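Structure first, commentary second.
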There are 2 protein chains.
Amino acid sequence: MLGDRWSLLIIRDMMLLGRRTFKEFLSSYERPASNILADRLRRLKAYGIIRAKRDRSDGRKLIYLLTPKGMDLAPVLTEMVLWAGKHEKTENRPLIRLMQKDKEKFLAQIRQRWAQNKISPPSQ
Amino acid sequence: MLGDRWSLLIIRDMMLLGRRTFKEFLSSYERPASNILADRLRRLKAYGIIRAKRDRSDGRKLIYLLTPKGMDLAPVLTEMVLWAGKHEKTENRPLIRLMQKDKEKFLAQIRQRWAQNKISPPSQ
DNA sequence: TTTTTCACTTGCATTTTGCAAGTTGGTTGT
DNA sequence: ACAACCAACTTGCAAAATGCAAGTGAAAAA
């Protein structure tokens with residue numbers, strides 16, 4: 001389900017960077033092609049990992065959100081980011097330091113932010 | 001580095017199931033093609049995630065081992081297996097129960113087993 | 001010495017990915 | 001009301017990755 005180049009990156013962008021719309025995913029660091037992005041969003045939806053709803057204030061926009069199943073990937077993503085932070089060059093060091101400092105607290109914060117629909121990227 | 005169908009499965013087989021040789025990886029549950037498997041092993045080696053050494057007692061065999069960098073993926077793999085166990089149909093329920101029971105203990109056991117080169121699959 | 005086994009490689013068909021250029025439908029500006 | 005615009009896709013096609021089946025060469029077993 002997640003064994004391709006883009007799925008986990010999309011989920012990371014949603015969970016950790018607060019991305020929510022097609023356009024936002026398109027302009028992510030790794031820049032997926034629009035047709036592939038559309039396909040991956042479709043698949044993640046079919047798997048029950050994300051869902052989409054119309055934007056109340058702009059009927060063109062679709063807001064993509066993680067389902068509970070998708071949110072349960074938070075520990076996976078966290079461990080992957082920590083691993084990459086330890087062994088590879090990465091940007092967003094502050095985020096990594098936050099994770100390292102207290103992993104459980106970080107996960108709790110992410111879940112809480114999500115529950116409130118305050119989907120902004122984590123800040124110190 | 002890990003964003004393809006096979007890399008994480010190979011690492012899972014090494015770390016959790018004690019697989020070590022080309023032939024053993026070939027006969028894994030998901031059955032990679034031999035050329036792809038060869039390519040993935042080459043890449044994982046180039047990334048410093050695995051290494052290979054000749055078998056002392058059988059000069060045809062190569063024994064693939066995780067490097068420290070590869071072993072550091074243990075938390076990632078554990079979280080992925082737990083996620084899959086919660087949300088998808090999986091075999092090897094006993095392994096999952098072991099992980100759930102005490103995650104840290106499980107990880108410590110894996111690391112220890114690896115340090116001793118006792119690379120057999122975790123039991124009960 | 002012949003046959004197996006092991007870790008690959010090779011050639012080729014199929015599938016997936018990626019790029020660039022649309023299309024559709026809602027929105028904004030005049 | 002109408003044009004220009006924007007967001008989320010789709011389409012056509014080239015390029016790359018994947019998969020299958022059948023080798024190959026070196027080492028071990030019979």
Side-chain angles (χ1 to χ4, degrees), chain A residues 1-15 17-67 70 117 119-120, chain B residues 1-15 17-67 70 117 119-120:
Chain A
M1 288 169 57
L2 305 171
D4 70 280
R5 178 162 177 203
W6 297 107
S7 298
L8 282 169
L9 293 176
I10 293 169
I11 295 167
R12 176 205 62 184
D13 284 355
M14 295 181 77
M15 196 171 336
L17 305 178
R19 304 274 158 82
R20 276 158 299 177
T21 65
F22 194 89
K23 201 190 170 190
E24 285 172 349
F25 296 128
L26 261 192
S27 61
S28 85
Y29 181 67
E30 291 89 355
R31 302 200 160 273
S34 60
N35 53 344
I36 308 297
L37 175 59
D39 180 69
R40 287 310 108 91
L41 290 170
R42 195 163 26 235
R43 284 175 40 181
L44 289 172
K45 217 167 102 184
Y47 287 137
I49 291 171
I50 66 176
R51 67 197 171 89
K53 63 167 191 182
R54 284 275 153 210
D55 188 333
R56 287 234 161 277
S57 63
D58 185 343
R60 292 169 302 179
K61 287 187 185 168
L62 275 179
I63 310 247
Y64 287 98
L65 299 169
L66 291 163
T67 61
N117 269 334
I119 334 181
S120 56
Chain B
M1 288 167 58
L2 306 171
D4 70 280
R5 180 163 176 202
W6 298 107
S7 298
L8 282 170
L9 293 177
I10 293 168
I11 295 165
R12 176 205 63 185
D13 284 355
M14 294 181 77
M15 195 170 339
L17 305 179
R19 304 274 157 83
R20 277 158 298 176
T21 65
F22 194 89
K23 200 190 170 189
E24 285 172 348
F25 296 129
L26 261 193
S27 61
S28 86
Y29 181 66
E30 291 90 356
R31 302 201 158 272
S34 60
N35 53 342
I36 308 298
L37 175 59
D39 180 70
R40 286 310 108 92
L41 290 170
R42 194 162 29 235
R43 285 176 41 183
L44 289 172
K45 217 168 101 183
Y47 286 138
I49 291 171
I50 66 175
R51 65 195 172 91
K53 64 167 191 181
R54 284 276 155 210
D55 188 333
R56 287 234 161 276
S57 64
D58 185 342
R60 291 168 304 179
K61 286 188 186 169
L62 274 179
I63 310 251
Y64 287 98
L65 299 168
L66 291 162
T67 61
N117 268 334
I119 335 180
S120 56

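Below, chain A is the first sequence line, B the second, and so on; all start at residue 1. Basis for what follows: all heavy atoms, side chains included, without hydrogens, waters or symmetry-related copies. Source: prediction; values computed, not measured.
Partners of A:Lys45 according to the side-chain contact (heavy atoms from CB on, under 4.5 Å) rule, which considers only residues two or more places apart in sequence or in another chain, are A:Ile50, A:Ala52. A:Asp58 meets the salt bridge (charged side-chain N to carboxylate O under 4.0 Å, His left out) test with A:Arg60; sequence neighbours excluded.
Side-chain contact between B:Met14 and B:Phe25 is present, with heavy atoms from C-beta onward closer than 4.5 Å. By the 4.5 Å heavy-atom criterion applied to side chains, B:Met15 and B:Leu66 are counted as neighbours. Under the 4.5 Å side-chain criterion, counting only non-hydrogen atoms from C-beta, B:Leu2 is in contact with B:Ile11.
To the nearest angstrom, P of C:dT5 lies 16 Å from CD of B:Glu24. At whole-Å resolution of the value, CG in A:Leu26 and C1' in C:dA20 are 13 Å apart. Distance A:Leu37 CG to C:dG18 P: 11 Å, rounded to the nearest Å. For B:Phe25 and C:dC6, the CZ to P distance is 14 Å, given to the nearest whole Å. In this structure, A:Leu62 atom CG and C:dG26 atom C1' are separated by 12 Å, rounded to whole Å. In this entry the distance linking CZ of B:Arg19 with P of C:dC6 reads 15 Å, nearest Å. Separating the NZ atom of B:Lys23 from the P atom of D:dA28 is a distance of 16 Å, rounded to the nearest angstrom. The interatomic distance linking B:Phe22 (CZ) with D:dG25 (C1') rounds to 14 Å, in whole Å.
Put simply, B:Arg42 has no side-chain N or O that comes within less than 4.0 Å of OP1 or OP2 on C:dA7.
For residues 48-57 of chain B, no pair satisfies salt bridge (charged side-chain N to carboxylate O under 4.0 Å, His left out), with sequence neighbours left out.
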Please table the atom pairs, donor to acceptor, closer than 3.5 Å between any side-chain atom in residues 30-44 of chain B and protein atoms at least two apart or in another chain.
residue, atom, partner, partner atom, Å
B:Glu30, OE1, B:Arg12, NH2, 2.8
B:Glu30, OE2, B:Arg12, NH1, 3.1
B:Glu30, OE2, B:Arg12, NH2, 3.4
B:Arg40, NH1, B:Asp4, OD2, 3.1

Under 4.0 Å protein heavy-atom contacts per nucleotide of nucleotides 11-20 of chain D, with B for base, S for backbone only and - for none: BB-----SBB

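In terms of heavy atoms, A:Gly18 sits closest to A:Arg20 at O-NE, 3.4 Å.
With B:Thr67 contributing its side chain and B:Ile49 its backbone, the two residues share a donor-acceptor pair below 3.5 Å.
Taking every heavy atom of residues 52-61 of chain A and every atom of DNA chain C, pairs under 4.0 Å involve A:Asp58, A:Gly59, A:Arg60, by number.
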